[in-house]
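Notes for the one structure printed next.
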Amino acid sequence: MSERFKELPEEKQLSILRAAIEVFAKYEYKKASTDLIASKAGVSKGLLFYYFHNKKDLYLTAYAYVKQIITEGVADSKLLEISDFFELITYASMKKIKILAENPYIVEFSVRSFYSDKEEISDDLKMKSKEDMKQNYNQYFNKIDLNKFKETVNPFELFKMMIWLIDGYIHEQQMNNKPLCLEEISKLLANWTEMFKHFAYKEEYI
(Lines give C-alpha, C1' and ligand atoms only; values in the text may rest on other atoms or scores of the structure.)
Protein backbone atom coordinates (compact mmCIF):
# COMPACT_ATOMS: atom_id res chain seq x y z
CA MET A 1 0.00 0.00 0.00
CA SER A 2 1.44 3.38 -1.01
CA GLU A 3 2.07 6.10 1.54
CA ARG A 4 -0.08 8.50 -0.49
CA PHE A 5 -3.06 6.15 -0.21
CA LYS A 6 -2.51 5.76 3.54
CA GLU A 7 -2.75 9.50 3.96
CA LEU A 8 -6.31 9.57 2.58
CA PRO A 9 -9.23 9.76 5.03
CA GLU A 10 -10.48 6.29 5.93
CA GLU A 11 -13.83 6.87 4.23
CA LYS A 12 -12.14 7.65 0.92
CA GLN A 13 -9.80 4.66 1.26
CA LEU A 14 -12.77 2.36 1.80
CA SER A 15 -14.62 3.87 -1.16
CA ILE A 16 -11.70 3.08 -3.49
CA LEU A 17 -11.10 -0.40 -2.05
CA ARG A 18 -14.76 -1.40 -2.25
CA ALA A 19 -14.97 -0.16 -5.84
CA ALA A 20 -11.83 -2.14 -6.72
CA ILE A 21 -13.14 -5.31 -5.08
CA GLU A 22 -16.46 -5.03 -6.94
CA VAL A 23 -14.84 -4.56 -10.35
CA PHE A 24 -12.11 -7.17 -9.85
CA ALA A 25 -14.83 -9.54 -8.65
CA LYS A 26 -16.91 -9.09 -11.80
CA TYR A 27 -14.08 -9.22 -14.34
CA GLU A 28 -10.85 -11.15 -14.72
CA TYR A 29 -7.80 -9.04 -13.95
CA LYS A 30 -6.88 -8.24 -17.56
CA LYS A 31 -10.39 -7.00 -18.38
CA ALA A 32 -11.09 -5.17 -15.12
CA SER A 33 -11.36 -1.48 -16.00
CA THR A 34 -9.52 1.04 -13.85
CA ASP A 35 -11.78 3.70 -15.42
CA LEU A 36 -14.77 1.86 -13.94
CA ILE A 37 -13.07 1.53 -10.55
CA ALA A 38 -12.31 5.25 -10.50
CA SER A 39 -15.86 6.10 -11.52
CA LYS A 40 -17.40 3.90 -8.82
CA ALA A 41 -15.01 5.34 -6.22
CA GLY A 42 -15.81 8.91 -7.23
CA VAL A 43 -12.26 9.85 -8.23
CA SER A 44 -10.53 10.52 -11.53
CA LYS A 45 -8.37 7.83 -13.13
CA GLY A 46 -5.38 10.16 -12.84
CA LEU A 47 -5.96 10.53 -9.12
CA LEU A 48 -6.38 6.76 -8.74
CA PHE A 49 -2.91 6.26 -10.17
CA TYR A 50 -1.58 9.05 -7.98
CA TYR A 51 -2.42 6.80 -5.02
CA PHE A 52 -1.27 3.53 -6.64
CA HIS A 53 1.79 2.78 -8.74
CA ASN A 54 -0.20 0.72 -11.21
CA LYS A 55 -3.16 -1.65 -11.59
CA LYS A 56 -1.25 -4.50 -9.93
CA ASP A 57 -0.55 -2.36 -6.87
CA LEU A 58 -4.26 -1.52 -6.62
CA TYR A 59 -5.23 -5.19 -6.93
CA LEU A 60 -2.80 -6.39 -4.28
CA THR A 61 -3.97 -3.63 -1.92
CA ALA A 62 -7.56 -4.79 -2.42
CA TYR A 63 -6.43 -8.38 -1.82
CA ALA A 64 -4.79 -7.35 1.47
CA TYR A 65 -7.99 -5.55 2.51
CA VAL A 66 -10.11 -8.65 1.83
CA LYS A 67 -7.70 -10.71 3.93
CA GLN A 68 -7.99 -8.13 6.72
CA ILE A 69 -11.80 -8.22 6.69
CA ILE A 70 -11.85 -12.02 6.99
CA THR A 71 -9.10 -12.19 9.60
CA GLU A 72 -10.68 -9.55 11.82
CA GLY A 73 -14.06 -11.24 11.52
CA VAL A 74 -12.75 -14.70 12.37
CA ALA A 75 -10.06 -14.08 14.99
CA ASP A 76 -12.02 -13.36 18.18
CA SER A 77 -11.19 -14.21 21.80
CA LYS A 78 -12.99 -17.57 21.66
CA LEU A 79 -10.90 -18.70 18.70
CA LEU A 80 -7.73 -18.22 20.72
CA GLU A 81 -9.07 -20.39 23.55
CA ILE A 82 -9.83 -23.50 21.47
CA SER A 83 -7.22 -26.25 21.75
CA ASP A 84 -8.86 -29.03 19.71
CA PHE A 85 -7.78 -28.97 16.07
CA PHE A 86 -11.13 -29.92 14.55
CA GLU A 87 -13.18 -27.71 16.85
CA LEU A 88 -10.92 -24.79 15.95
CA ILE A 89 -11.07 -25.25 12.19
CA THR A 90 -14.85 -25.74 12.31
CA TYR A 91 -15.36 -22.59 14.39
CA ALA A 92 -13.09 -20.49 12.15
CA SER A 93 -14.59 -21.89 8.94
CA MET A 94 -18.17 -21.16 9.98
CA LYS A 95 -17.27 -17.57 10.85
CA LYS A 96 -15.48 -17.17 7.52
CA ILE A 97 -18.43 -18.59 5.58
CA LYS A 98 -20.79 -16.21 7.40
CA ILE A 99 -18.65 -13.21 6.44
CA LEU A 100 -18.50 -14.33 2.82
CA ALA A 101 -22.24 -15.00 2.70
CA GLU A 102 -22.84 -11.41 3.78
CA ASN A 103 -20.33 -9.98 1.29
CA PRO A 104 -20.92 -11.48 -2.19
CA TYR A 105 -18.30 -9.34 -3.93
CA ILE A 106 -15.67 -10.70 -1.56
CA VAL A 107 -16.67 -14.24 -2.52
CA GLU A 108 -16.38 -13.46 -6.25
CA PHE A 109 -13.10 -11.63 -5.70
CA SER A 110 -11.70 -14.58 -3.72
CA VAL A 111 -12.76 -17.10 -6.35
CA ARG A 112 -11.13 -15.10 -9.15
CA SER A 113 -7.93 -14.65 -7.15
CA PHE A 114 -7.81 -18.40 -6.39
CA TYR A 115 -8.21 -19.38 -10.03
CA SER A 116 -6.00 -16.62 -11.42
CA ASP A 117 -3.63 -18.07 -13.99
CA LYS A 118 -1.26 -16.54 -16.53
CA GLU A 119 -2.19 -13.06 -15.33
CA GLU A 120 0.17 -10.30 -14.25
CA ILE A 121 -0.78 -10.92 -10.61
CA SER A 122 -0.93 -14.75 -10.72
CA ASP A 123 2.55 -15.48 -9.35
CA ASP A 124 2.11 -12.93 -6.56
CA LEU A 125 -1.22 -14.46 -5.57
CA LYS A 126 0.16 -17.99 -5.46
CA MET A 127 3.01 -16.86 -3.24
CA LYS A 128 0.71 -14.84 -0.96
CA SER A 129 -1.71 -17.78 -0.68
CA LYS A 130 1.08 -20.06 0.56
CA GLU A 131 2.37 -17.41 2.95
CA ASP A 132 -1.11 -16.67 4.32
CA MET A 133 -1.84 -20.33 4.96
CA LYS A 134 1.40 -20.82 6.88
CA GLN A 135 0.92 -17.59 8.80
CA ASN A 136 -2.67 -18.43 9.79
CA TYR A 137 -1.65 -21.87 10.98
CA ASN A 138 1.27 -20.56 13.06
CA GLN A 139 -0.82 -17.78 14.55
CA TYR A 140 -4.07 -19.55 15.39
CA PHE A 141 -3.14 -23.22 15.70
CA ASN A 142 -0.15 -22.85 17.98
CA LYS A 143 -2.16 -23.93 21.04
CA ILE A 144 -3.77 -27.08 19.67
CA ASP A 145 -3.32 -30.30 21.63
CA LEU A 146 -0.78 -32.22 19.55
CA ASN A 147 -1.00 -35.26 21.84
CA LYS A 148 -4.29 -36.20 20.17
CA PHE A 149 -2.61 -36.84 16.82
CA LYS A 150 -1.14 -40.10 15.66
CA GLU A 151 2.63 -39.93 15.23
CA THR A 152 2.31 -40.42 11.47
CA VAL A 153 0.05 -37.38 11.01
CA ASN A 154 1.33 -33.89 10.20
CA PRO A 155 -1.24 -31.38 11.59
CA PHE A 156 -0.21 -28.65 9.14
CA GLU A 157 -0.75 -30.94 6.14
CA LEU A 158 -4.16 -31.83 7.55
CA PHE A 159 -4.90 -28.13 8.02
CA LYS A 160 -4.12 -27.51 4.34
CA MET A 161 -6.39 -30.36 3.26
CA MET A 162 -9.30 -29.00 5.29
CA ILE A 163 -8.80 -25.49 3.89
CA TRP A 164 -8.76 -26.85 0.34
CA LEU A 165 -12.02 -28.69 0.99
CA ILE A 166 -13.73 -25.63 2.43
CA ASP A 167 -12.46 -23.28 -0.29
CA GLY A 168 -13.45 -25.85 -2.89
CA TYR A 169 -17.01 -25.81 -1.56
CA ILE A 170 -17.09 -21.99 -1.68
CA HIS A 171 -15.76 -21.90 -5.24
CA GLU A 172 -18.18 -24.58 -6.44
CA GLN A 173 -21.16 -22.73 -5.00
CA GLN A 174 -20.00 -19.50 -6.63
CA MET A 175 -19.42 -21.08 -10.05
CA ASN A 176 -22.89 -22.66 -9.91
CA ASN A 177 -24.46 -19.34 -8.84
CA LYS A 178 -25.65 -20.84 -5.57
CA PRO A 179 -25.70 -18.97 -2.25
CA LEU A 180 -23.46 -19.98 0.63
CA CYS A 181 -25.66 -21.97 3.01
CA LEU A 182 -24.48 -22.00 6.63
CA GLU A 183 -26.59 -25.05 7.47
CA GLU A 184 -25.23 -27.01 4.53
CA ILE A 185 -21.57 -26.21 5.22
CA SER A 186 -22.11 -27.01 8.91
CA LYS A 187 -23.26 -30.53 7.98
CA LEU A 188 -20.39 -30.95 5.52
CA LEU A 189 -17.86 -29.85 8.13
CA ALA A 190 -19.30 -32.31 10.64
CA ASN A 191 -18.93 -35.14 8.10
CA TRP A 192 -15.40 -34.14 7.10
CA THR A 193 -14.37 -33.74 10.73
CA GLU A 194 -15.62 -37.21 11.61
CA MET A 195 -13.74 -38.77 8.68
CA PHE A 196 -10.49 -36.96 9.35
CA LYS A 197 -10.65 -37.62 13.08
CA HIS A 198 -10.54 -41.36 12.46
CA PHE A 199 -7.55 -40.83 10.21
CA ALA A 200 -5.66 -38.34 12.37
CA TYR A 201 -6.47 -38.87 16.07
CA LYS A 202 -5.43 -41.61 18.42
CA GLU A 203 -8.22 -44.01 19.31
CA GLU A 204 -8.86 -42.54 22.76
CA TYR A 205 -9.63 -39.10 21.30
CA ILE A 206 -12.17 -40.18 18.69
Side-chain angles (χ1 to χ4, degrees), residues 1-2 5 16-32 34 37 52-76 79-80 85-86 88-142 144 153-176 178 180 185 188-189 192-193 196 200:
M1 184 186 299
S2 72
F5 183 67
I16 293 172
L17 289 173
R18 287 167 181 162
I21 290 168
E22 179 182 345
V23 174
F24 284 127
K26 290 180 176 179
Y27 306 96
E28 60 186 70
Y29 177 82
K30 191 183 301 182
K31 295 181 180 179
T34 50
I37 293 172
F52 298 96
H53 300 301
N54 47 41
K55 185 178 181 179
K56 180 178 177 180
D57 183 28
L58 172 59
Y59 184 97
L60 293 176
T61 302
Y63 179 92
Y65 176 62
V66 167
K67 178 189 172 185
Q68 178 186 334
I69 291 174
I70 294 173
T71 300
E72 290 179 353
V74 171
D76 59 13
L79 183 81
L80 301 176
F85 176 91
F86 291 103
L88 177 55
I89 203 164
T90 297
Y91 180 79
S93 298
M94 289 305 298
K95 292 204 72 176
K96 177 182 176 180
I97 294 288
K98 188 174 187 298
I99 294 167
L100 295 178
E102 294 169 352
N103 297 273
Y105 286 133
I106 290 181
V107 179
E108 295 174 33
F109 180 92
S110 299
V111 170
R112 286 195 181 277
S113 67
F114 183 85
Y115 286 109
S116 174
D117 187 35
K118 297 179 181 178
E119 295 267 23
E120 184 186 351
I121 37 80
S122 297
D123 289 341
D124 292 86
L125 292 178
K126 288 175 183 176
M127 183 174 66
K128 284 183 176 296
S129 178
K130 290 180 181 179
E131 291 174 352
D132 290 347
M133 189 173 288
K134 189 69 175 178
Q135 181 183 11
N136 288 341
Y137 181 81
N138 290 336
Q139 186 170 357
Y140 302 114
F141 285 74
N142 61 351
I144 61 170
V153 175
N154 182 329
F156 178 61
E157 293 300 317
L158 183 60
F159 168 78
K160 289 196 294 184
M161 290 171 69
M162 292 290 289
I163 295 299
W164 291 333
L165 278 173
I166 294 160
D167 284 350
Y169 164 82
I170 294 171
H171 301 154
E172 183 178 45
Q173 293 297 100
Q174 178 63 27
M175 288 188 293
N176 292 328
K178 294 181 180 179
L180 294 177
I185 190 61
L188 286 172
L189 276 170
W192 295 338
T193 295
F196 279 115

Reported OG-to-OH distance for the pair S93 and Y169, which is rounded to 0.5 angstrom: 12.0 Å
How long is the straight-line distance from CD1 of I16 back to CG of L58, given to the nearest 0.5 Å? 8.5 Å
If you take all heavy atoms of S110 and H171, which pair is closest and at what distance? O-NE2, 4.4 Å
Test log, rule salt bridge (Lys or Arg N to Asp or Glu O under 4.0 Å), inputs K96 and D167: CA-CA 10 Å; K96 177 182 176 180; D167 284 350; 3.1 Å; yes
What pairs with K55 under side-chain contact (heavy atoms from CB on, under 4.5 Å), at least two apart in sequence or on another chain? F24, Y29, A32, T34
Of T71, L100, N103, I21, which is the lone residue that meets side chain to side chain contact (heavy atoms under 4.5 Å, CB included) with V66? I21
May I ask you to check whether Y59 and F109 place their ring centers less than 6.0 Å from one another? yes
Is it true that E102 and K98 have a side-chain N and a carboxylate O under 4.0 angstrom from each other? yes
In terms of heavy-atom contacts, does NZ of K160 have more than 12 from other residues, nucleotides or ligands at under 6.0 Å? yes
For a quick check under 3.5 Å, do E131 and Q135 share a side-chain donor-acceptor pair by atom type? no
How long is the straight-line distance from CD of Q68 back to OH of Y65, given to the nearest 0.5 Å? 7.0 Å
Would you indicate whether Y27, at its atom OH, is surrounded by more than 12 heavy atoms from other residues, nucleotides or ligands within a distance under 6.0 Å? no
Once you round to the nearest 0.5 Å, how far does CD1 of I170 lie from CD1 of I97? 3.5 Å
Test side chain to side chain contact (heavy atoms under 4.5 Å, CB included) on W192 and I185; report intermediate values, then the result. CA-CA 10 Å; W192 295 338; I185 190 61; 4.2 Å; yes
Do K95 and D76 have side chains that approach each other closer than 4.5 Å (heavy atoms only, starting at C-beta)? yes
Considering non-hydrogen atoms only, spot the tightest contact between A92 and L79 and give its length. CB-CD1, 3.8 Å
Going by heavy atoms in the side chains, are Y63 and D132 under 4.5 Å from each other? yes
Is the closest side-chain heavy-atom distance between N176 and E172 below 4.5 Å? yes
Shortest non-hydrogen pair, A200 vs L158, comes out as CB-CD2, 3.6 Å
Determine whether the aromatic ring centres of Y137 and F141 lie less than 6.0 Å apart. yes
Say you draw a straight line from OG1 of T61 to CG of L17; how long is it, rounded to the nearest 0.5 Å? 7.0 Å
Working to the nearest 0.5 Å, report the span between CD of E28 and CD1 of I121. 10.0 Å
Decide yes or no for D124 and K56: does some side-chain heavy atom of the first lie under 4.5 Å from some side-chain heavy atom of the second? yes
Do any N or O atoms from the side chain of N154 and from the backbone of F156 form a donor-acceptor pair under 3.5 angstrom? yes
